[in-house]
**Student:** 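One structure is given below, represented as structure tokens, and several questions about it will come after.
Numbering of ligands and ligand atoms starts at 1, following listing order.
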Amino acid sequence: MIKSNRLIESEYAANFADIHPPFATHDAAIVEANRCLFCYDAPCMKSCPTSIDVPMFIRQITTNNLKGSAKTIFDSNILGAGCSRVCPVEKLCEGACVYNLMDEKPIEIARLQRYSTEKAITEQWQLFERTPSVSKRVAIVGAGPAGLSCAHVLARQGVEVVIYEKEEKGGGLMTYGVAGYKVTPEFCEDEVNFITSVGGITIEYGQELGRDVFLNELQHNFDAVFLGIGVGLARPLSIEGENLEGVENALEFIYNIRTRPLSSIAVGDKVAVIGLGMTAIDAATQAKRLGASEVTIVYRRTEAEKPCTDVEMQVARLDGVQFVFLAAPKEIKGAQGKVEKLICERMTLGEPDASGRRAPVSTGETFSLDVDMVIKAAGQMPFEKLVSDAHLAHKYGKLLVDTEGATNMTGVFAGGDAVNGGREVVDAVQAGKVGAQGILSYLNNIQGVI
Ligand code: SF4
């Protein structure tokens, strides 16, 4: 039965505590940093989408140069603190560490990165200087990782930046869309404040594109525009029973967890989660941590094709989440308007589809799960109507940009999930940097001011 307040406060606190605690002491960080081999042509650096100089920042930790270490990280990734908590490092830097080749534990790059960057944020070190104003103004839509990263590069170059953000806080999915045990909303707020403290960046909250702000007005009022609007629409299952009470989309479920007291979040006793991406895992593990007695992830392919990482699967398994593979939702049945059963079709794998993975094909056989809550995490849909109405070139709603992040509209750039359809935070940070460089070139080439 869906209800809130299943646990006592200390249980909520324990269940949502930091999953990867920081180093307890300075010495512990130094010991780990000293394991690094400071590889030439370091593979860890190459596997970071923002190309953080990992051996350099680790070496700076070993010499107690924490300011230098934080600066090395922020030079490449101004959201380096948040990324140290949410990046799937097992498939990025730590997955590439040479220690893996020796069957030894890779260097704890993320934890070391967290060590330096959190110190910088806590101590409010101002590591960047703004160049004098160039009397140019850029509008950014979206204060998520792409928008913030773009804003910081531009602001450092003397550009005045105004960010229009539809929510009440910045950070995008970092603030509203990831599990509470990875990063807290309070931390995200500190990170946004740290980024804007460079100066020249104003954030206007409660401003949504197409509702409160309009692209043609931004083009008219600013010298350039960057769109970091993300992909925010949950993909419907398009099956019968989807509107019953107890059916919720994962992003909304996580958003509520991020914005309300944990004891007020209603969760079922027997919960099915549809999908196996990172959002599905975050929804399933948090449903369990909120007190659901059974949580089952239903996925239409096999474990081998899963979009989430092995580490995320492991977290879910340790939380007691069950998995049903090769199963797709067919219908949700209810009584008195409330969810009671999820009917699934058994699938088999056919030929590869556009994603390169073998496509699930129905066997015609069905089975049912007794559930009182269904969480939909079958992916997100780009803002197709919004971008069509704004005459922006796109493919199925994903904005089309050139190598500098420029869209088909003069002076309008874009990056992050709105372009790539939804990847990691670190990819959005890099897209924001690329867009900022594109904007600086545009202002320089067209207007000759920078
Ligand atoms: Fe250090 Fe591993 Fe990177 Fe080599 S690959 S520089 S050992 S973190």
**Student:** Taking the inter-plane angle between the rings of Phe194 and Phe74 on a 0 to 90° scale, is it parallel (under 30°), tilted (30 to 60°) or perpendicular (over 60°)?
**Tutor:**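 Plane angle between 30° and 60°, so tilted.
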**Student:** Could you tell me whether Arg258 sits above the aromatic face of Tyr176, with NZ or CZ closer than 6.0 angstrom to the six-membered ring centre and within 45 degrees of the axis?
**Tutor:** no
**Student:** For atom 2 (Fe) of ligand 1, which protein N/O/S atoms are closer than 2.8 Å?
**Tutor:**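 Protein N/O/S atoms under 2.8 Å of atom 2 (Fe) of ligand 1: Cys97 SG.
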**Student:** Quick check: closest heavy atoms across Ile78 and Ile195, and the distance to 0.1 Å?
**Tutor:**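 Between these two residues, the closest heavy atoms are CG1-CG1, 3.8 Å.
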**Student:** For residues Ala377 and Thr279, report the shortest heavy-atom separation together with the two atoms involved.
**Tutor:**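 It is CB-C, 4.4 Å.
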**Student:** Can you see whether Phe325 has Arg301 sitting over its ring - NZ or CZ less than 6.0 Å from the centre and within 45° of the normal?
**Tutor:**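 Pair Arg301/Phe325 does not count as cation-pi.
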**Student:** Considering residues, nucleotides and ligands other than Arg114, do more than 12 of their heavy atoms fall under 6.0 Å from its CZ?
**Tutor:**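 Enclosed: over 12 neighbouring heavy atoms sit under 6.0 Å from CZ of Arg114.
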